[in-house]
Number of protein chains: 2
Amino acid sequence: MTASKKRQNRHSRTRSDHATELAEDYVEAIADCIESRGSCRAVDLVKQFQVSHVTVNRTIGRLQRDGFVVTEPYAPLQLTKAGTKLAQASRRRHEIVYQFLIEIGVGESTAATDSEGIEHHVSPETLAAMQRFLKKGSGVFY
Amino acid sequence: MTASKKRQNRHSRTRSDHATELAEDYVEAIADCIESRGSCRAVDLVKQFQVSHVTVNRTIGRLQRDGFVVTEPYAPLQLTKAGTKLAQASRRRHEIVYQFLIEIGVGESTAATDSEGIEHHVSPETLAAMQRFLKKGSGVFY
DNA sequence: GTTCAAGTTTAGCACAGGCTACATTTTGTT
DNA sequence: AACAAAATGTAGCCTGTGCTAAACTTGAAC
Ligand SMILES: [Mn+2]
Ligand SMILES: [Mn+2]
Ligand SMILES: [Mn+2]
Ligand SMILES: [Mn+2]
């Protein structure tokens, strides 16, 4: 492990996916909220995630610690450069997974639900495969 | 919430998926191990999951509490009826997700890794869509 | 300018799921 | 039988992510 990245086994990878999952969903939600409402407050995330405002607050604290968000007391949330970048990448990946599910015949509501969890486990290689599929169009199939 | 099941939003669903995820992976691994080696011990799971034996032990404790495994001190693990059933359902779903990824052009190694996380977020509806896809064969496409 | 409601923060709790260090039991070797 | 090694168990720690209750800020209504 001096110079080369340690190869994780598949379960280790799943665990590390989960470690970044909440961060990805939060910055995505914050970015969406800022775009649609002009700003984002903790209470908006409470509605999105259906957890208590305390849980949102503590999660935001970790996001700030990790450099994705900046906050001042009682003020709206702001994304850092890193936060904005993560939000964009997450949104793009999420959207591709969602559209892909639609394309293979999953209903919109289920696609929305399932893609919310699936997205975090989709590697660049799998994402590329899904994109190829979308490009070709499913008309050939169904 | 007296008689009707509360409709979860998509983030709530993802959270509940995660609550059962470890149980699914463990019983699947235990079932595999029993089939291939005749019995399964904690140390086998240590190798599979790459966590400490203490973590395995505590996880097994929760599985026992929840009725999926039974253990006696220093003895191999056994699955309960419920554990065996969960293992079968998990394995089937996992296998479909894996084959599906292969079918859309993902390499075996990546498919193995990604399917390990994705499987837990695949609803029956999405699983059915993947199966339809596998039945048709991807020859039409590629 | 008080008052009140909404939003936010803090304190303190729980459980899941990681860990190391150390103790114990079982099993294999001599 | 004695010893060594492997497996298992226990004690005690940590972080993440959930909660309720209570205190505090802020901004709007009056
Ligand atoms: Mn997302
Ligand atoms: Mn998500
Ligand atoms: Mn899995
Ligand atoms: Mn997951």
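Bear in mind the structure is a predicted one, so any value in this text is a computation, not a measurement.
For the segment residues 30-42 of chain A, residues with any heavy atom less than 4.0 angstrom from an atom of DNA chain C are, sorted by number, A:R41, A:A42.
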### Query
In the 5'-to-3' direction, what one-character label does each nucleotide of nucleotides 11-26 of chain D receive under the scheme B = base within less than 4.0 Å of a protein heavy atom, S = sugar-phosphate only, - = no such atom?
B----SBBBBBB-BSS

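Ion pairing between B:D66 and B:R62 fails under the 4.0 Å rule for side-chain N and carboxylate O. Looking at B:E119 and B:R92, no side-chain N of the basic residue comes within less than 4.0 Å of a carboxylate O on the acidic one, giving no salt bridge. Taking a cutoff of 4.0 Å between a charged side-chain nitrogen and a carboxylate oxygen, A:R13 and B:D114 qualify as a salt bridge.
A distance-only check finds a donor-acceptor pair linking the side chain of A:R41 to the backbone of A:Y74 [under 3.5 Å]. Side chain of A:S115 to main chain of A:V97: no donor-acceptor pair is present (N/O by atom type, distance under 3.5 Å, no hydrogens or angles).
Spacing between atom CG of A:L77 and atom P of C:dG7 amounts to 14 Å, rounded to whole angstrom units. For the pair B:N57 CG and C:dA21 P, the interatomic distance rounds to 18 Å; values are reported in whole Å. Straight-line distance from the NE2 atom of A:H11 to the C1' atom of C:dG17: 15 Å, rounded to whole Å. Taking atom CG on B:L63 and atom C1' on C:dC15, their separation rounds to 15 Å, with Å as the unit. In this structure, A:Q8 atom CD and C:dG18 atom P are separated by 13 Å, rounded to whole Å. Note: CG (B:D44) to C1' (D:dA6) measures 13 Å, nearest angstrom.
The aromatic rings of B:F49 and B:Y26 lie parallel to each other, their planes meeting at an angle below 30°, with 60° marking the opposite boundary.
Within the structure, salt bridge (Lys or Arg N to Asp or Glu O under 4.0 Å) pairs that include any residue of residues 18-30 of chain B comprise B:E24-B:R93 (at least two apart or interchain).
Between B:H121 and B:H18, the ring center distance clears the sub-6.0 Å criterion.
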